[in-house]
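Single-structure report; data block below.
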Amino acid sequence: MTSRYPEPITPTRTRIGWVGIGVMGGAMASRLIAAGYTLSVYARTPSKATSLLSLGATLAHSPADLAASCDIIFTMIGHPSDVQTLILDTLIPAITPGTVIVDHTSSHPVLARRIHLSALESHCHSVDAPVSGGDIGARSGKLAIFAGGDADVVQWLKPLFDVLGQATYMGSAGKGQSCKIANQITVGGSLVGLSEGLVFAEKAGLDKDKFLAAVSGGAAGSAAMELFGKRMVDRDFRPGGFAEYMVKDLGMGVDVVEEEEAAAVVVVLPGAALSKQLFSGMVANGDGKYGTQGVITVIERINGVNHD
């Protein structure tokens with residue numbers, strides 16, 4: 001038995017597919033398994049699925065096979081070009097009517113709207129639902145989820161979203177992606193400010209742990225400081241989200257050109273442009289696979305601070 005939209009979602013009946021089992025996707029998928037749901041996963045490198053298979057997931061031979069056998073398909077991959085190839089070119093042609101695709105990838109609003117229309121033509125639905133909260137939020141089920149698409153479909157997905165975090169309905173297709181871009185503009189600036197504060201504190205001879213403890217309760221305190229401040233001090237640059245992805249996300253805000261739509265989003269964002277330049281510096285230094293907290297290394301290089 002299955003439970004495609006609008007049949008209620010239940011662990012015993014709903015068949016879930018997942019594509020993209022990296023740091024974030026793997027943690028999110030494991031939470032759904034722990035909640036009792038049946039998961040089929042696809043991995044280009046099957047060995048990367050070992051931990052999920054040990055929890056009870058099954059391995060699909062191809063994205064098309066996964067699409068044909070699941071009621072809901074979650075995707076959490078890299079770039080908009082990957083999303084187009086996977087969802088538009090592979091999944092949608094293979095899915096059964098009533099299937100819902102949930103794309104957690106940080107992608108482009110225009111592409112999300114194209115996917116939405118293509119899914120409707122196949123009598124299916126899509127929701128763009130990028131997330132924020134990093135690997136810590138993914139493991140603990142405390143992600144912020146920005147959902148765009150049909151409001152009734154987003155509400156129908158609530159039992160699954162509740163396992164992963166807190167979903168907020170942002171509006172029609174593409175609005176979830178627009179919210180994520182605005183989120184990244186905010187987070188990018190926060191990480192740059194936190195990095196500069198820590199480098200200044202070090203240059204001034206302050207104990208950086210004491211600095212964080214002192215300012216975290218005041219106006220300088222933030223989720224970015226809570227999640228990444230101690231990691232910066234401890235030189236822990238393991239990724240929750242890759243720095244190279246931050247460059248991509250900021251680029252969708254700073255360099256936005258929506259050629260397929262009559263009204264392009266044109267906003268002058270000097271701070272975001274500077275943030276993008278600094279995160280691009282990380283990539284140029286060979287650190288694009290570091291977590292975004294690694295932007296402190298760029299500020300340190302500029303100031304001649306060497307921790308190697």
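Residue Ile299 is grouped with residue Leu250 when hydrophobic side chains (ILVMFWY) are merged at heavy-atom distances under 4.5 angstrom, including chains of intermediate members. Put simply, Leu120 and Ile101 are part of two different groups of oily side chains (I, L, V, M, F, W, Y) that touch within less than 4.5 Å, one to the next. Val100 and Val131 end up in the same hydrophobic cluster when Ile, Leu, Val, Met, Phe, Trp and Tyr side chains are linked at under 4.5 Å. Under a hydrophobic clustering in which Ile, Leu, Val, Met, Phe, Trp and Tyr are joined whenever their side-chain heavy atoms come within less than 4.5 Å, directly or via other members, Leu88 and Ile72 fall into different clusters. No path of Ile, Leu, Val, Met, Phe, Trp and Tyr side chains, each step under 4.5 Å between heavy atoms, connects Ile181 with Val268, placing them in separate hydrophobic clusters.
Atom-to-atom distance recorded for Ser30:OG and Leu55:CG is 6.5 Å, nearest 0.5 angstrom. Atoms CD1 and CG, from Ile92 and Leu86 in turn, are 9.5 Å apart once rounded to the nearest 0.5 Å. Here the straight-line distance linking atom CE of Met252 with atom OG of Ser107 works out to 6.0 Å at 0.5 Å rounding. Atom CE of Met225 and atom CZ of Arg231 lie 15.5 Å apart (nearest 0.5 Å). To the nearest 0.5 Å, atoms OG1 (Thr105) and CD1 (Ile87) are separated by 6.0 Å. In this structure, OG1 in Thr168 is found 8.5 Å from CD1 in Ile145, a value given to the nearest 0.5 Å.
Using a distance-only test at 3.5 Å, with no hydrogens or angles considered, no donor-acceptor pair links the side chain of Lys203 to the main chain of Val305. At distances below 3.5 Å, at least one donor-acceptor pair connects side-chain atoms of Arg31 with backbone N or O atoms of Val163. Side chain of Gln84 to backbone of Leu111: no donor-acceptor contact under 3.5 angstrom is found. Looking only at distances, no side-chain donor or acceptor of Ser178 sits under 3.5 Å from a matching main-chain atom of Lys175.
With contacts defined as side-chain heavy-atom distances shorter than 4.5 Å, the pair Pro80/Lys248 qualifies. The closest side-chain heavy-atom distance from Leu52 to Leu39 is not below 4.5 Å. Trp156 has its side chain out of reach of Asp150: every pair of non-hydrogen atoms, C-beta onward, lies at least 4.5 Å apart. Looking at heavy atoms from C-beta onward, Arg4 lies in side-chain contact with Thr99 at the 4.5 angstrom threshold. Side chains of His104 and Leu164 form a contact here, defined as non-hydrogen atoms less than 4.5 Å apart. At least one side-chain heavy atom of Leu278 sits under 4.5 Å from a side-chain heavy atom of Ile302. Considering only heavy atoms from C-beta on, Asp287 comes within 4.5 Å of Thr297 through its side chain. Residues Asn303 and Glu202 are not in side-chain contact: their nearest non-hydrogen atoms beyond the backbone lie 4.5 Å or more apart.
Within the structure, every pair that satisfies the ring-ring contact (aromatic ring centres under 6.0 Å, His included) test and touches residues 210-251, not counting sequence neighbours, is listed here: His79-Tyr245, Phe237-Tyr290, Phe242-Tyr245. Here side-chain hydrogen bond (donor to acceptor under 3.5 Å, both in side chains) pairs that include residues 122-134, with residues two or more places apart or in two chains, are Ser132-Asn183.
For Asp152 against Tyr5, the heavy-atom pair with the smallest separation is CB-OH, 3.5 Å. In terms of heavy atoms, Pro11 sits closest to Gly36 at CB-O, 3.5 Å. The two residues Val23 and Pro239 make their nearest non-hydrogen contact at CG1-O, 3.4 Å. Minimum interatomic distance between Tyr169 and Val154 (heavy atoms only, all atoms of both residues): CD1-CG2, 3.8 Å. Contact record, Ala129 with Val102: CB-CG1, 3.9 Å, taken as the closest heavy-atom pair. Taking both residues in full, the closest heavy atoms of Leu91 and Pro63 are given as CD2-O, 3.4 Å, listed atom of the first, atom of the second, then distance.
With respect to the salt-bridge test (charged N to carboxylate O, under 4.0 angstrom), the residues Asp249 and Lys276 do not qualify.
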All N/O donor-acceptor pairs, side-chain side in residues 190-200, below 3.5 Å, sequence neighbours left out:
from   : atom 1 : to     : atom 2 : distance (Å)
Ser190 : OG     : Thr186 : O      : 2.9
Ser195 : OG     : Leu191 : O      : 2.8
Ser195 : OG     : Ile296 : N      : 3.4

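The number of heavy-atom neighbours closer than 6.0 Å to NE2 of His61, taken from other residues, nucleotides and ligands shown, is 12 or below. By the 6.0 Å contact criterion, CZ on Arg238 is open, its count of non-hydrogen atoms from other residues, nucleotides or ligands being 12 or less.
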As a quick check of understanding, evaluate side-chain contact (heavy atoms from CB on, under 4.5 Å) for Ile16 and Cys70, giving each step before the final call. CA-CA 5 Å; Ile16 298 173; Cys70 293; over 6 Å; no
Can Val83 and Asp103 be said to form a side-chain contact (heavy atoms from CB on, under 4.5 Å), step by step? CA-CA 8 Å; Val83 172; Asp103 185 24; 3.5 Å; yes
How far apart are the C-alpha atoms of Arg44 and Asp82, what are their side-chain angles, what is the distance that settles it, and do they pass the salt bridge (charged side-chain N to carboxylate O under 4.0 Å, His left out) test? CA-CA 13 Å; Arg44 287 180 295 184; Asp82 302 320; 5.8 Å; no
Taking it one step at a time, do Glu244 and Met282 satisfy side-chain contact (heavy atoms from CB on, under 4.5 Å)? CA-CA 8 Å; Glu244 64 184 21; Met282 278 188 69; over 6 Å; no
One pair to check against side-chain contact (heavy atoms from CB on, under 4.5 Å): Leu59 and Val41. What are the steps and the verdict? CA-CA 5 Å; Leu59 187 65; Val41 302; 4.1 Å; yes
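Ring orientation note: the planes of Phe74 and Trp18 are close to parallel, at an angle under 30° on the 30°/60° scale.
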